[in-house]
Protein chains: 2
Amino acid sequence: MQVQVISSVNEASSARFHHKTAIIIDVLRATSTIITAISAGALCVVPAETVMEARAMHRPGDLLGGERFCRKIAGFDLGNSPEEYTEQVVAGKRIVLTTTNGTRAIHKSMRADYVLTASLLNAEACARAAIDLRRDVIILCAGSHDEFAIEDGLCAGLVLDKLQSLSQVAIETDDFGTAMLALYRNRSNRIKETVLSGISGRRLLKLGMKRDIETCTAIDIYHDVPRLNGDQLTRI
Amino acid sequence: MQVQVISSVNEASSARFHHKTAIIIDVLRATSTIITAISAGALCVVPAETVMEARAMHRPGDLLGGERFCRKIAGFDLGNSPEEYTEQVVAGKRIVLTTTNGTRAIHKSMRADYVLTASLLNAEACARAAIDLRRDVIILCAGSHDEFAIEDGLCAGLVLDKLQSLSQVAIETDDFGTAMLALYRNRSNRIKETVLSGISGRRLLKLGMKRDIETCTAIDIYHDVPRLNGDQLTRI
């Protein structure tokens with residue numbers, strides 16, 4: 001199984017996703033929020049690229065969620081903190097979500113045969129699902145402001161580490177994947193510190209959102225995998 | 001001191017180099033060849049972007065060196081293997097060199113206050129020189145075919161490691177720099193194996209150039225630093 005890793009949305013061209021399983025990673029915070037919502041019983045999460053598109057997709061009974069500049073969007077029900085997406089709030093609900101990088105990354109990968117979303121919270125489950133889908137894999141790190149973000153690289157490394165330990169067939173990766181695996185292995189006992197040292201981590205800290213970093217750096221606490229069906233992410 | 005790391009030539013915009021010290025890395029093989037030539041007593045190395053430009057710059061008594069598709073260019077005196085650049089061949093000579101990625105990376109960085117070239121062979125010397133120059137640093141990994149190459153990332157990590165241990169002032173780096181430092185630290189006892197596993201390493205192996213990989217993965221055997229003066233790289 002070939003596993004390519006792309007460093008940021010900016011680097012992703014749609015054509016590369018053909019016939020592959022895409023794994024989208026935006027640890028701070030879109031894919032952490034998506035798995036939290038799905039595991040709390042949300043019916044589905046609909047990723048929207050723009051605020052206008054999110055509003056247009058919203059139907060009575062839905063929740064509107066998302067952020068711009070890390071803040072909740074005016075008039076939306078929810079921001080982009082996983083903690084807001086509790087069972088009480090989201091169970092049985094369709095959630096329309098728009099974020100700066102994560103939902104854009106999901107849209108970028110739509111030509112893939114399968115699209116999964118991974119975070120530190122569900123990396124192993126995602127690796128297992130990718131193995132079951134029997135396609136070559138392309139991991140897209142969403143990044144931040146069109147640049148590589150360390151937390152997404154760590155998560156890509158963790159997914160690769162799990163793919164290597166769980167797959168019956170050999171896992172071959174590209175040079176960037178090798179680097180992300182080494183990054184994860186070098187920092188696996190300092191995940192939170194590493195995320196806090198990165199550009200997104202420092203930004204959230206400055207905005208008083210340290211709890212989000214705590215929430216998003218727990219490893220493999222969820223066993224679900226959000227997968228794109230049409231325009232909706234649902235539990236596999 | 002701020003240290004930014006750029007993953008491939010493709011990602012580099014000239015404007016980012018302003019007021020900085022640029023460190024250009026192309027381990028396989030341009031910057032390894034350049035330091036080998038300079039340490040063997042070459043007068044200077046003149047990086048040329050194209051074969052035509054190299055021919056036009058050539059003056060009587062000069063040596064023409066370089067590669068396209070990893071092979072020596074027809075009519076040139078030398079290819080891009082460090083081993084060709086012995087004292088006997090290059091001492092006192094001006095060398096005009098053109099390679100696919102390395103010399104392009106050097107040209108990209110020309111707006112920097114200082115341009116140094118680093119390889120595994122002279123990483124520590126390069127870190128010391130950058131500290132002495134008292135500018136923020138931008139490390140440009142040349143990469144291969146416009147993509148990140150693992151050997152350049154390892155070298156960037158080694159330079160960062162040396163900057164951190166040698167600098168009197170704090171070294172701050174970006175997310176990609178943090179990742180490259182972790183990559184180096186995870187693989188520091190398997191440098192050659194890691195380089196051999198990468199896309200450039202495998203390509204050279206296939207072309208029967210394994211000795212070049214051996215030659216280019218020795219650590220800190222040279223203490224010189226090639227620095228750009230006008231259009232020439234000379235010993236600092």
Side-chain angles (χ1 to χ4, degrees), chain A residues 2 4-13 16 25 27-28 101 141-158 160-161 164 170-191 193-203, chain B residues 2 4-13 16 25 27-28 101 141-158 160-161 164 170-191 193-203:
Chain A
Q2 295 276 350
Q4 289 177 285
V5 183
I6 303 180
S7 59
S8 77
V9 183
N10 218 20
E11 294 298 290
S13 73
R16 290 178 68 179
I25 296 174
V27 168
L28 293 178
N101 304 293
C141 298
S144 175
H145 293 89
D146 290 334
E147 298 221 343
F148 170 73
I150 194 86
E151 62 279 6
D152 296 341
L154 276 171
C155 184
L158 173 58
L160 268 164
D161 188 71
Q164 286 200 342
I171 300 295
E172 283 168 33
T173 188
D174 55 12
D175 285 19
F176 194 71
T178 303
M180 295 305 102
L181 189 57
L183 161 65
Y184 167 70
R185 288 180 175 165
N186 183 253
R187 298 295 178 113
S188 58
N189 59 351
R190 285 165 292 161
I191 295 285
E193 295 82 342
T194 306
V195 173
L196 271 166
S197 77
I199 189 157
S200 323
R202 293 200 309 269
R203 191 182 305 123
Chain B
Q2 296 277 348
Q4 289 176 285
V5 183
I6 304 180
S7 60
S8 77
V9 183
N10 220 18
E11 295 297 291
S13 74
R16 291 177 68 181
I25 295 175
V27 167
L28 293 178
N101 304 294
C141 298
S144 175
H145 293 90
D146 290 335
E147 298 219 344
F148 170 73
I150 195 87
E151 64 278 7
D152 296 341
L154 277 171
C155 184
L158 172 58
L160 269 163
D161 189 72
Q164 285 199 343
I171 299 295
E172 284 168 30
T173 188
D174 54 14
D175 285 19
F176 194 70
T178 303
M180 294 306 101
L181 189 57
L183 161 64
Y184 167 71
R185 288 179 177 166
N186 184 253
R187 298 295 177 112
S188 59
N189 58 352
R190 285 165 293 160
I191 294 285
E193 295 82 339
T194 307
V195 173
L196 271 167
S197 77
I199 189 159
S200 323
R202 293 201 308 272
R203 191 181 308 124

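Quick caveat: nothing in here was measured; it's all calculated off a predicted structure.
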| request: Name the member of A/E11, A/E151, A/M180, A/E147 that forms the most heavy-atom pairs with chain B at distances under 4.5 Å. | output: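 Ranked by heavy-atom pairs under 4.5 Å with chain B, first place is A/E11.
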| field | Which portion of B/E172 sits near chain A, non-hydrogen atoms under 4.5 angstrom | value |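 Neither part, no heavy atoms under 4.5 Å.
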| query | Pick from B/S7, B/G198, B/A182: which one has the most heavy-atom pairs with chain A under 4.5 Å? | reply |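 The residue among B/S7, B/G198, B/A182 with the greatest pair count is B/A182.
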| request: Please examine the side chains of A/N186 and B/R187, heavy atoms only from C-beta on, and report whether any two atoms are closer than 4.5 Å. | output: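 No, too far: nothing below the 4.5 Å cut-off.
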| request: Considering non-hydrogen atoms only, spot the tightest contact between B/I150 and A/D175 and give its length. | output: N-OD2, 2.9 Å
| query | Would you call the rings of A/F176 and B/F148 parallel, tilted or perpendicular if under 30° counts as parallel and over 60° as perpendicular? | reply |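 A/F176 and B/F148: perpendicular rings.
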